[in-house]
Amino acid sequence: MKSKHVYREPVGDFSNAKPLTLTRPLLPAAHEILPYLQEMIESGWVTNNGKYVQSLERKLAVFLGASEVSVVTNGTVGLDLAVKSFVPDGGEIITTAYSFPATYHVLLNNPKIKPVFVDIDDDYGLDAELIEEQITPDTRAILPVHTYGYPCNGGRIDEIAKKHGIGVIYDAAHAFGVTIDGKGISTWGDLSVFSFHATKVFNTLEGGCIASGADGQNLTDTIRMLRNFGIIDEDNVGLYGINGKMDEMRAIFGLLTLDLVEGAIQRRKRIVEGYLSYFSDLDVADVSIRHEMYMKRNIRLNYSYFPILIRPSGEFTRDVVHGHLRSKGIVVRKYFYPTITNSPLYSGLYDPDRLRRSHYASLNALCLPVHHNMTDEDFDRVISEFEWIYRKYH
Ligand code: T4K
């Protein structure tokens, strides 16, 4: 197909521009934090289920529409605790090969768990139609990822899990604030794990939470026990405990940042709309169809990432675009490369043919900068440099 694209002149001279980061942490003003820090210091209570942690958990439950929320020290520990609380005796867990290493390392690091990798669909999520053929008597749960904040086919995945009497733990690291028909995404499945890393739409510097879904068993007591070294009471300790707690200072950051999230999502949305209008005319990258589909399904996105899937043509490849933008101080990331099919450590173990779409995406996806602090000039700079490299090869 020939591009309808019309050449767009660079809109400025960016030769002296500062590096443009992929994202920026959403942070409260220092003067807003100080009174809370002073109060925390005077109280002498700085961690171990303090009042700010409890307050953050209550507010997050409302914001996310979850029945219970347990905050943890980061999303990776959250995934680990979710798996250990839900599947204490081990077994097979069906998951995606296309994700950040945290997702599959939590499974591979657990000697009782055997991960079973299934390919992705067009929306970068676990392909629901390929799940059933991998279910065996040893399957205990499905671990899908809402990759880039695009909800995977959760309704269908929940249906399959119910039919087979197994659980669903969603890796919702990217999906904070995403809603479906006005309901928070953590209403799907048994548990959803969010990351509150500095690079996420909502952050507590480092952090995360486990939210219980509408269908979920109430695992909150177990999760809170496990995140506190597995201590049940003074005389009893449970298996698998770890120090997964969040401290009071990060909870304070979280409480203040929560008020800023909606505004940040709106700003991200504007940037993404700009990208969509540029890329929809270009025949080199897939982007726009998915966004229209989400609008039709009444899904509110959080615009946490803006991935484009570059169709390689001749010498025009994802890596060439990546190299050019990076050389111009624009931080783009090859999320998710390497992944299980192209990481040398795992290469002989998983068949790239069975994970064909995951493999293709890992070779061709590129995430462009998007964040609440991005200016219109920053946006123009990304487009101008993309345009330059596109023109060089077309
Ligand atoms: N599941 C999934 C699907 C995940 O993607 C992740 C994490 C997890 C689970 C585990 O959650 P956590 O345990 O992390 O809570 C980042 C994050 O460290 C990681 O949280 C995230 N996913 C992953 C996708 O991205 P890097 O190493 O690629 O980030 P980095 O340091 O290159 O930063 C990216 C951009 O952000 C740069 O342009 C710089 C900017 N930045 C970064 C930091 C840390 C800032 O401007 N300020 C900052 O403080 O991993």
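Just so you know, ligand 1 is whichever comes first in the structure, and atom 1 is the first atom listed for that ligand. Quick caveat, the model's predicted, so the values are computed rather than measured.
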Short side-chain to backbone donor-acceptor contact, [X] and [Y], under 3.5 Å:
| X | Y | value |
| --- | --- | --- |
| Arg268 | Asn302 | no |
| Trp45 | Thr47 | yes |
| Arg318 | Ser362 | yes |

For the residue pair [X] and [Y], is the inter-centroid distance of their aromatic rings smaller than 6.0 Å?
| X | Y | result |
| --- | --- | --- |
| Phe336 | Tyr148 | yes |
| Phe279 | Phe386 | yes |
| Tyr305 | Tyr150 | no |

Got an N/O contact under 3.5 Å between [X] and ligand 1?
| X | answer |
| --- | --- |
| Ser195 | yes |
| Tyr305 | no |
| His174 | yes |
| Phe196 | no |
| Gly75 | yes |
| Lys200 | yes |

Element-labelled atoms of ligand 1 that are located less than 4.0 Å from some non-hydrogen atom of [X]:
| X | result |
| --- | --- |
| Val331 | 38 (O) |
| Arg333 | 26 (P), 28 (O), 29 (O), 30 (P), 32 (O) |
| Gly207 | 15 (O) |
| Asn74 | 13 (O), 15 (O) |
| Ser99 | 3 (C) |
| Ala102 | 8 (C), 9 (C), 10 (C) |
| Leu22 | 35 (C), 38 (O) |

| task | Return the set of residues passing ring pair (Phe, Tyr, Trp, His ring centres under 6.0 Å) with Phe229 (not counting sequence neighbours), or none when no residue passes. | result |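 Residues passing ring pair (Phe, Tyr, Trp, His ring centres under 6.0 Å) with Phe229: none at all.
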Considering non-hydrogen atoms of the protein only, which is the closest contact for [atom], and what is the distance?
| atom | answer |
| --- | --- |
| atom 18 (O) of ligand 1 | His197 CE1, 3.1 Å |
| atom 36 (O) of ligand 1 | Thr23 CG2, 3.3 Å |
| atom 50 (O) of ligand 1 | Phe100 CZ, 3.7 Å |
| atom 1 (N) of ligand 1 | Asp171 OD2, 2.7 Å |
| atom 25 (O) of ligand 1 | Tyr335 OH, 3.1 Å |

**Prompt:** If you draw a 6.0 Å radius around CZ in Arg326, do more than 12 non-hydrogen atoms from other residues or ligands fall strictly inside?
**Reply:**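 Enclosed.
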Quiz item: What do you reckon, is NZ of Lys334 surrounded by more than 12 foreign heavy atoms closer than 6.0 Å?
Solution: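 Yes.
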Query raised in the report: Does the side-chain contact (heavy atoms from CB on, under 4.5 Å) test come out yes or no for Val332 and Val321, once each step is laid out?
Result: CA-CA 9 Å; Val332 288; Val321 177; over 6 Å; no
_Donor on one side chain, acceptor on other, Tyr360 and Asp119, under 3.5 Å_ =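 Looking only at side-chain atoms, Asp119 and Tyr360 do not form any donor-acceptor pair under 3.5 Å.
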| Backbone, side chain, both or neither: what part of Thr76 comes under 4.0 angstrom of ligand 1, heavy atoms only? |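 The answer is both, backbone and side chain.
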**Message:** Heavy-atom distances under 4.0 Å decide this one: backbone, side chain, both or neither, for Pro25 against ligand 1?
**Reply:**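 Pro25 to ligand 1: side-chain contact only, backbone stays beyond 4.0 Å.
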### Task
Measure from atom 34 (C) of ligand 1 to every heavy atom in Val72, Thr199, Thr204 and give the option owning the shortest one.
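Answer by nearest heavy atom: Thr199.
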Between CG on residue Leu226 and CD1 on residue Ile231, distance to nearest 0.5 Å: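 Interatomic distance, Leu226 CG to Ile231 CD1, rounded to 0.5 Å: 11.5 Å.
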